[in-house]
Student: 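Got a structure for you, written out below as structure tokens; questions coming shortly.
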Amino acid sequence: MTAFQFSDIKEVDTLHQLALQSGGSDEGEPGFRPQYGDGFYAAYVRDPDGNKLAFVVYPHRVGL
């Protein structure tokens, strides 16, 4: 799995939707995942080649 960090929750939501529209499959809808830390927000997709991607935000790390 490859993770990409962003500074805005809206970016994660948008990228998740774009990935699905581009032929990817949902591996975890956008949302908070408190088990991974306070404020951790992520979405997971699998691209058409089978690679798992994570789009994440750590609000406490980027000053949100």
Side-chain angles (χ1 to χ4, degrees):
M1 178 174 67
T2 301
F4 300 92
Q5 184 175 349
F6 297 91
S7 61
D8 188 278
I9 288 172
K10 291 179 185 178
E11 291 175 312
V12 169
D13 294 345
T14 299
L15 286 168
H16 181 263
Q17 188 62 35
L18 286 172
L20 298 180
Q21 291 172 358
S22 299
S25 60
D26 181 35
E27 289 282 325
E29 293 187 8
F32 288 100
R33 309 257 185 330
Q35 67 271 31
Y36 299 125
D38 186 36
F40 184 85
Y41 187 91
Y44 301 91
V45 297
R46 200 164 291 273
D47 71 17
D49 292 325
N51 301 299
K52 189 170 182 180
L53 306 173
F55 308 128
V56 302
V57 174
Y58 289 96
H60 61 281
R61 292 187 181 173
V62 293
L64 299 176

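The figures here come from the full heavy-atom set of this structure, side chains too, leaving out hydrogens, waters and symmetry mates.
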Student: Considering residues at least two apart in sequence or located in another chain, which fulfil the side-chain hydrogen bond (donor to acceptor under 3.5 Å, both in side chains) criterion with E27?
Tutor: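 Partners of E27 by the side-chain hydrogen bond (donor to acceptor under 3.5 Å, both in side chains) criterion, ordered by chain and then number, come out as R46.
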
Student: How would you list, by chain and number, every residue that makes a ring pair (Phe, Tyr, Trp, His ring centres under 6.0 Å) with Y41, sequence neighbours excluded?
Tutor: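 Once residues adjacent in sequence are excluded, the partners of Y41 under the ring pair (Phe, Tyr, Trp, His ring centres under 6.0 Å) criterion are F32.
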
Student: Going by salt bridge (Lys or Arg N to Asp or Glu O under 4.0 Å), name the pairs with one or both residues in residues 9-21, residues two or more places apart or in two chains.
Tutor: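 Applying salt bridge (Lys or Arg N to Asp or Glu O under 4.0 Å) to every pair that reaches into residues 9-21, excluding sequence neighbours, yields nothing.
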
Student: Just distance, no hydrogens or angles: give the donor-acceptor pairs under 3.5 Å from side chains in residues 48-57, sequence neighbours left out.
Tutor:
from	atom 1	to	atom 2	distance (Å)
N51	ND2	D47	OD1	3.4
N51	ND2	D47	OD2	3.1

Student: Using 30° and 60° as the class boundaries, would you call the ring planes of F4 and F6 parallel, tilted or perpendicular?
Tutor: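 It falls in the tilted class, 30° to 60°.
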
Student: Taking only residues two or more places apart in sequence or in another chain, which ones pass side-chain hydrogen bond (donor to acceptor under 3.5 Å, both in side chains) with R33?
Tutor: none

Student: Applying side chain to side chain donor-acceptor pair (under 3.5 Å), which residue pairs with at least one partner in residues 15-25 are found, sequence neighbours left out?
Tutor: H16-D26

Student: Please report the shortest heavy-atom distance between V12 and A43, naming the atom on each side.
Tutor: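 Looking at all heavy atoms of both residues, the shortest contact is CG1-CB, 3.7 Å.
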
